[in-house]
Amino acid sequence: MAKELSRREFMGAGVALAAMPHVPEIWIKRAVNPVVIASGNGHQFRNGGEETCVQTAFRLMTSGEDVLESLVAGVNIVESDPADTSVGYGGLPNADGVVQLDSCCMHGPKKWAGGVACLEGIRNPSKVALMVASETDHHLLVGKGAQEFARAMGFKIEDDLNTEKSRAAWLEWKRRMDPSHYLDPAKRGGSETAERMADEGWFDPHHVWGTINCNGINAKGEVAGVTTTSGLAFKIPGRVGDSPILGAGLYVDQSVGAAGSTGRGEANLYGLCSFLVVEELRRGKHPKDAGLEALRRVAANTIEKRLLDENGRPNFGLNFYVLDARGRHAGVAFRPGSRYAVCDEGGARLETCEPLYV
Ligand code: GLY
């Protein structure tokens with residue numbers, strides 16, 4: 001992937017060419033073409049501003065900002081936007097009506113990792129995850145401890161992250177549910193109710209298991225990733241999915257690449273599939289094939305009838321977004337129709353995810 005760098009590209013990569021006036025441009029090699037990828041919501045929401053997540057992350061990264069800080073600034077747009085009901089402020093709440101957020105991040109070159117789970121009252125959990133990575137010896141803080149850590153780091157704790165829309169959807173869900181649903185898994189129908197409500201327009205169908213994952217590589221070849229979510233809509237309080245778990249919702253290896261997920265966290269947690277994807281990259285697979293291998297593993301591990309469609313295939317959604325250390329990327333999904341966000345020197349766009357089943 002190494003290529004000659006023009007003066008414009010070199011400046012775009014955030015390097016001061018003026019500081020090296022005697023270096024002929026033809027000698028300057030770039031490690032890799034910088035690129036940011038994300039789940040589709042990474043090029044959908046703007047929180048009232050001009051840029052989407054991938055545009056912001058790419059602009060910052062190519063202006064010389066740290067690769068992970070750029071990605072976190074990108075996902076902050078989606079976390080802060082009340083219109084995305086799968087992430088941050090306005091994320092769909094748990095069964096008690098409380099918004100509980102999960103996030104993790106990894107910095108390839110620094111070998112940093114940090115995560116938070118069941119975090120309440122802070123609309124940008126990815127920022128707290130970054131502080132767990134940068135300020136502590138730990139990798140994962142949960143619940144009250146995560147909130148107290150955030151408070152100590154100067155974050156404002158809000159009483160309630162619900163919006164009118166997320167609260168109305170929760171109240172409707174409560175109204176429809178069998179109050180004994182916790183006791184009998186066969187009868188509880190939790191996500192079915194949520195999926196039916198999504199079909200009726202209460203919220204975006206992709207937001208039952210929402211989430212944003214965003215991965216990037218800069219011109220120096222530095223890789224990082226971040227995943228952030230409000231988790232499964234109307235989950236049992238305290239439930240943690242794949243998003244904040246290193247190896248499940250995200251994994252980054254500086255020498256190999258990055259992978260992250262959106263979709264049914266339980267299916268991914270069982271196989272720690274972002275780690276699996278990165279290991280497949282290490283064996284030389286293209287990002288698309290590495291991602292599809294993880295979906296095959298999930299399908300092989302899905303045997304309960306309630307989770308299978310009429311063809312015996314997983315009836316839920318799970319996507320992986322994969323970026324290798326050469327800057328090649330892919331999004332993969334069980335079925336056709338998903339897209340993922342990309343921003344590189346060609347601009348920001350949505351590209352088609354490769355489906356496992358056609
Ligand atoms: N993938 C998000 C979740 O299951 O919580």
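One-based numbering, in listed order, for ligands and for the atoms of each. If you're wondering where the values come from, they're calculated on a predicted model, not measured in any experiment. Computation of the quantities below employed the complete heavy-atom set of this structure, encompassing side-chain atoms and omitting hydrogens, waters and symmetry-equivalent molecules.
Less than 4.0 angstrom separates some heavy atom of Thr211 from each of these atoms of ligand 1: 1 (N), 2 (C). The distance from ligand 1 to the heavy atoms of Gly263 drops below 4.0 Å at these ligand atoms: 1 (N), 2 (C), 3 (C), 4 (O). Remark: ligand 1 atoms within the under-4.0 Å shell around heavy atoms of Leu232 are 5 (O). Atoms of ligand 1 found under 4.0 Å from any heavy atom of Gly231 (numbered from 1 in listed order, with element): 5 (O). Ligand-side atoms of ligand 1 in range of Ser243: 1 (N), 2 (C), range being under 4.0 angstrom from any heavy atom.
Residues Asp253 and Ser255 have side chains that bring a donor and an acceptor to within less than 3.5 angstrom of each other. Using modelled atom types, one finds no donor on one side chain facing an acceptor on the other under 3.5 Å when comparing Thr302 with Tyr270. Side chains of Asp96 and Asn94: no donor on one and acceptor on the other come within 3.5 Å. The closest side-chain donor-acceptor pair between Ser261 and Asn213, if any, does not fall under 3.5 angstrom. The closest side-chain donor-acceptor pair between Asn162 and Ser166 falls under 3.5 angstrom.
Not a single heavy atom of Lys235 sits under 4.0 Å from any atom of ligand 1.
Considering backbone and side-chain N/O atoms, Gly241 never comes within less than 3.5 Å of an N/O atom of ligand 1. Taking any N or O of Glu266, backbone or side chain, none lies under 3.5 Å from an N or O belonging to ligand 1. Remark: ligand 1 and Thr229 share no N or O pair separated by less than 3.5 Å (distance only, no angle test).
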- Check the pair His107, Asp66 against side-chain hydrogen bond (donor to acceptor under 3.5 Å, both in side chains), reporting the backbone distance first and the verdict last. CA-CA 9 Å; His107 192 298; Asp66 175 78; 2.8 Å; yes

- Task: Go through the steps for Thr229 and Thr211 under the test side-chain hydrogen bond (donor to acceptor under 3.5 Å, both in side chains), then give the verdict.
- Result: CA-CA 4 Å; Thr229 190; Thr211 310; 2.9 Å; yes

